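Worksheet: the structure to be examined is printed underneath.
Just so it is clear, the values below take in all heavy atoms, side chains as well, and ignore hydrogens, waters and symmetry mates. All values reported here derive from a predicted model rather than from experimental measurement. Within every chain, numbering begins at 1; the chains are lettered A, B, ... in the order of the sequence lines, protein sequences first and strands thereafter.
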Number of protein chains: 2
Amino acid sequence: MSEQERRLFVSARMVAERAGVSRSAVSRTFTDGASVSDETRKKVLEAAQKLGYHVNHLARGLRERSNIVCLVVADITTPIRAKLVDELTRKLQAAGKITMVINSETDTESVSAALGMTLNYRADATVVLSGTPSASLIETCLANGQQVVLINRDDRLSGGHNLGVDNAMAGREAFFLLRRAGCERLGVVTSTARTASLIERERVFVEAAEEAGVPVTVTAAGPTSYASGLEAARRLFGRSQAPDGVFCVTDLLALGFMDGARDEFRIDIPGDLCVIGFDDIAEADWRSYRLTTFSQPLAEMAEHVVALIAQPAMAGQEKRVFEPMPVWRNSVRPAAR
Amino acid sequence: MSEQERRLFVSARMVAERAGVSRSAVSRTFTDGASVSDETRKKVLEAAQKLGYHVNHLARGLRERSNIVCLVVADITTPIRAKLVDELTRKLQAAGKITMVINSETDTESVSAALGMTLNYRADATVVLSGTPSASLIETCLANGQQVVLINRDDRLSGGHNLGVDNAMAGREAFFLLRRAGCERLGVVTSTARTASLIERERVFVEAAEEAGVPVTVTAAGPTSYASGLEAARRLFGRSQAPDGVFCVTDLLALGFMDGARDEFRIDIPGDLCVIGFDDIAEADWRSYRLTTFSQPLAEMAEHVVALIAQPAMAGQEKRVFEPMPVWRNSVRPAAR
DNA sequence: CAAAGCTGTGCACACGTGTGTATCGCTGAA
DNA sequence: TTCAGCGATACACACGTGTGCACAGCTTTG
């Protein structure tokens with residue numbers, strides 16, 4: 001009884017019986033390039049329509065590529081990540097792939113568990129957006145013929161394709177933008193999540209400042225979030241020597257920081273304080289903020305990922321760096337003459 | 001050559017050969033409840049570890065449930081939707097399911113194509129967050145033993161489980177909140193996307209106002225977005241008789257509307273204008289807005305979805321309505337004495 | 001000591017495909 | 001008329017599992 005109701009999905013054999021042809025005729029009807037006469041094709045299609053037949057991609061995946069791509073991601077709620085997931089799913093779909101999302105934590109163990117899942121489902125490729133998987137597990141994926149793509153992850157990871165943005169350029173550029181606006185005391189607002197990208201942006205900015213002999217203070221008040229930016233403002237402006245130009249390594253941090261500075265300390269932006277962010281999330285363009293920031297070319301990056309996956313295990317590792325584009329808005333004063 | 005490199009995933013047979021046992025021993029080792037001696041289990045696990053074996057869930061899915069759940073969603077970038085996807089993926093994963101995301105458009109044809117995909121991959125269940133699929137295709141899914149869950153979709157759809165929030169309650173409550181704050185001329189800001197939920201919120205609000213003899217104007221300036229809210233403000237406050245209390249059927253609309261009113265018309269909120277939103281997205285709590293709104297109990301809803309899917313094709317259709325919770329912040333004046 | 005019970009393992013089948021190979025029927029040319 | 005050629009179709013196999021069934025080996029009981 002309970003067994004009977006479980007066996008319900010309609011298979012090619014049932015379609016064949018109904019259409020009065022062999023099962024392979026059905027199979028060939030649904031694979032293009034195979035030769036079927038117009039008459040049988042018509043019969044098959046009609047029977048399939050009647051029965052509600054859909055080719056079983058799981059079974060198909062046993063023989064050839066599964067066309068499954070796994071996205072390993074934490075914190076999908078973050079605007080920048082949501083946007084990236086959106087771009088990837090959309091473009092992968094257009095390329096005939098289906099997307100599995102594995103919502104992982106950022107710790108290595110969780111990411112490794114996610115990688116295991118990816119192998120369980122014989123995914124053609126795995127795209128890691130968050131956290132850093134163990135090198136050995138990446139090796140396993142590669143050995144099993146699975147592509148691995150790491151986005152904005154740690155550079156010193158050996159295996160897999162690697163793509164990210166030029167964080168150093170952004171850090172340097174942010175410094176010059178603030179200097180050109182006449183800022184004398186600089187600050188960096190970053191998060192306690194020690195991601196390679198964030199560290200790099202901070203490091204280059206600080207180095208550029210020190211090289212020019214400009215004082216810099218670094219503040220990390222919590223995870224990469226609006227609340228941490230808010231808290232960073234409290235810490236920074238509670239002191240005596242507050243900065244007048246701040247580079248926030250993330251837009252979310254920047255927006256919280258702006259609100260904290262304005263709401264709790266009545267600081268005018270960009271009059272008394274210039275702020276630069278990174279990511280160019282939708283909220284950065286909202287009227288209350290109009291944040292000057294850097295945009296990641298997410299669409300191009302997604303396109304590149306799809307291209308990488310399309311070709312079967314192309315020339316080993318590849319490292320591709322995209323240029324973030326400065327987006328001028330109103331949180332930084334025009335350059336002083 | 002090109003064939004040789006394709007056949008790379010390690011199978012149970014290879015593990016069996018390496019461990020010197022039968023393939024079924026390997027299979028039993030990885031299915032709990034099966035009886036295997038400690039000795040062979042140890043040998044199998046060791047060989048599996050060595051070879052990097054992972055059970056093929058696609059093959060497993062041929063015999064029993066696939067443990068795949070498909071999420072059909074458009075506009076994953078929208079904060080409320082991203083949050084829901086986050087909750088669902090997380091909870092489904094905890095329940096031993098894997099999530100496939102199908103990024104669809106909202107038109108019926110796209111959603112139907114997505115439903116087709118869902119059948120292709122023999123998903124145990126499909127959760128529709130956006131758009132309204134054709135009733136006949138839902139019927140097909142149901143006939144194939146697949147669960148269908150519609151979240152905040154059109155009510156008059158026959159098949160599948162249905163869950164959503166009490167939009168009527170929110171519309172009514174919004175009216176009373178604004179009236180209690182002393183608002184005399186009301187307005188509704190909605191979108192041109194004629195979703196059932198949005199229509200219901202608007203309808204009830206307008207009816208309550210008309211019943212009480214309070215003037216109401218309805219504005220729809222575009223899709224459900226920040227930009228539409230901004231544009232709605234331009235239209236509303238360009239007229240002579242501007243409203244002093246507005247219910248925006250979505251937080252995104254509300255935030256854009258607030259910014260438009262303040263930035264372009266120097267209107268004080270909540271001094272001259274009270275605004276109420278719906279969804280309670282993270283941005284609504286930001287310092288620049290502090291929007292009074294209604295929160296959807298997304299966590300509970302996700303939990304309910306998981307519970308529905310867990311039991312195999314429980315008692316047919318079910319309709320469950322969740323109560324949105326009013327969230328008091330600063331965009332509405334305290335009640336006048 | 002014999003019989004019965006219990007545990008662990010191997011064989012074989014089913015799940016739903018795609019495709020290589022053989023067969024069958026038909027057309028056209030010699 | 002015969003035979004090559006060709007297009008369409010049926011058969012069989014492989015893909016990687018989970019599991020029912022039979023059987024071997026060991027333990028327990030009378």
Side-chain angles (χ1 to χ4, degrees), chain A residues 2-4 6-44 47-48 51-68 119-124 144-145, chain B residues 2-4 6-44 47-48 51-68 119-124 144-145:
Chain A
S2 72
E3 291 303 322
Q4 186 182 4
R6 185 165 317 242
R7 184 87 36 245
L8 278 171
F9 274 102
V10 36
S11 72
R13 193 173 46 106
M14 305 186 204
V15 177
E17 281 174 10
R18 171 131 187 172
V21 298
S22 81
R23 193 187 57 73
S24 25
V26 178
S27 183
R28 284 184 229 277
T29 302
F30 289 101
T31 52
D32 40 28
S35 85
V36 198
S37 74
D38 288 349
E39 190 191 359
T40 51
R41 155 170 283 124
K42 185 159 172 284
K43 280 194 292 186
V44 168
L51 266 54
Y53 170 69
H54 290 251
V55 179
N56 187 335
H57 280 41
L58 301 185
R60 177 183 279 177
L62 279 188
R63 305 189 75 254
E64 39 215 85
R65 319 226 328 261
S66 64
N67 283 328
I68 295 176
L119 287 169
N120 279 327
Y121 279 98
R122 264 36 172 187
D124 292 348
N144 285 21
Chain B
S2 71
E3 291 305 322
Q4 186 182 5
R6 185 165 316 240
R7 184 88 35 247
L8 279 172
F9 274 102
V10 38
S11 72
R13 192 172 48 103
M14 305 186 204
V15 177
E17 282 175 10
R18 171 130 185 171
V21 298
S22 80
R23 192 188 56 74
S24 22
V26 177
S27 183
R28 285 185 231 274
T29 301
F30 289 100
T31 51
D32 40 28
S35 84
V36 198
S37 74
D38 289 349
E39 191 190 0
T40 51
R41 156 171 282 123
K42 185 159 172 283
K43 281 194 292 187
V44 167
L51 266 54
Y53 171 69
H54 289 251
V55 179
N56 188 336
H57 280 42
L58 300 185
R60 177 182 280 176
L62 279 188
R63 305 190 75 254
E64 38 216 88
R65 322 235 313 269
S66 65
N67 284 329
I68 296 176
L119 287 169
N120 279 328
Y121 279 97
R122 266 30 174 190
D124 292 349
N144 284 20

Completion exercise
CG of N67(A) to CZ of R60(A), rounded to nearest 0.5 Å, is 8.0 Å
Practice task
Check every strand shown and say whether R41(B) touches a base, only sugar-phosphate, or nothing at a heavy-atom separation below 4.0 Å.
Solution key: nothing
Handout entry: Rounded distance (Å) that lies between atom C1' of dT17(C) and atom CZ of R122(B)
Key = 10 Å
Exercise for the section: For the pair T31(A) (side chain) and S27(A) (backbone), establish whether a donor and an acceptor sit closer than 3.5 Å, ignoring hydrogens and angles. Expected result: yes
Problem - Residue T31(B), side-chain atoms from C-beta onward, closest of dG16(D), dG18(D), dG16(C) - result: dG18(D)
Problem - N/O (side chain, S37(A)) to phosphate O (OP1/OP2, dA8(D)) under 4.0 Å - result: no
Exercise for the section: Starting from C1' on dA8(D), measure out to NZ on K43(A) and report it in whole angstrom. Expected result: 12 Å
Problem - Rounded distance (Å) that lies between atom C1' of dT17(D) and atom CZ of R13(B) - result: 13 Å
Exercise for the section: Measure the shortest side-chain to side-chain distance between H54(A) and R122(B) over non-hydrogen atoms and say whether it is less than 4.5 angstrom. Expected result: yes
Exercise for the section: In sequence, state the C-alpha distance, the side-chain angles, and the governing distance for L62(B) and N56(A), and then conclude on side chain to side chain contact (heavy atoms under 4.5 Å, CB included). Expected result: CA-CA 9 Å; L62(B) 279 188; N56(A) 187 335; 3.8 Å; yes
Problem - Salt bridge present between E17(B) and R13(B) (N-O < 4.0 angstrom) - result: yes
Exercise for the section: Name the nucleic acid region contacted by F30(A), choosing base, sugar-phosphate or nothing; use a 4.0 angstrom heavy-atom cut-off, strictly under. Expected result: nothing
Fill in the blank from the handout: Against the side chain of S22(A), the closest entry in dG10(C), dG8(C), dT9(D) is dT9(D)
Handout entry: V44(B) backbone acceptor or donor facing T29(B) side chain under 3.5 Å
Key = no
Exercise for the section: Report yes if at least one side-chain N or O of R60(A) is closer than 4.0 Å to OP1 or OP2 of dG18(C); otherwise report no. Expected result: yes
Handout entry: Selection from dT9(C), dT9(D), dG18(C) that lies nearest to any side-chain heavy atom of V36(B)
Key = dT9(C)
Practice task
Please work out if S11(B) contacts a base, only the sugar-phosphate, or nothing of the nucleic acid, heavy-atom cut-off 4.0 Å.
Solution key: sugar-phosphate
Problem - Presence of S24(A) side-chain N/O under 4.0 Å of dT19(C) phosphate oxygens OP1/OP2 - result: no
Handout entry: Separation of atom CG in D32(B) from atom P in dG18(D), rounded to whole Å
Key = 11 Å
Problem - Residue mapping more 5' on DNA chain D - nearest nucleotide basis, R23(A) or D38(A) - result: D38(A)
Practice task
Could you tell me the separation between the CG atom of N56(B) and the P atom of dT17(D), rounded to a whole number of Å?
Solution key: 5 Å
Exercise for the section: Find the distance H57(B):NE2 to dG16(C):P and express it as a whole number of Å. Expected result: 19 Å
Handout entry: N/O donor-acceptor pair, side chain R28(B) with base dG10(C), under 3.5 angstrom
Key = yes
Practice task
Report yes if at least one side-chain N or O of Y53(A) is closer than 4.0 Å to OP1 or OP2 of dT17(C); otherwise report no.
Solution key: yes
Handout entry: Main-chain N/O of F9(A) paired to N144(B) side chain as donor or acceptor, under 3.5 Å
Key = no
Exercise for the section: Using a heavy-atom cut-off of under 4.0 Å over every strand shown, decide if S27(A) touches base, sugar-phosphate, or nothing. Expected result: base
Handout entry: Side-chain heavy atoms of I68(B) within contact of L58(A), under 4.5 Å
Key = yes
Exercise for the section: Measure from the side chain of R63(B), starting at C-beta and using heavy atoms only, and say which of dT9(C), dC15(C), dC11(C) lies closest. Expected result: dC15(C)
Practice task
Quickly work out the E39(A) CD to dG7(D) P distance and round it to whole Å.
Solution key: 18 Å
Exercise for the section: Measure the angle between the two terminal helix axes of the helix from dC1(C)-dG30(D) to dA30(C)-dT1(D), five base pairs each, and quote it to 10°. Expected result: 60°
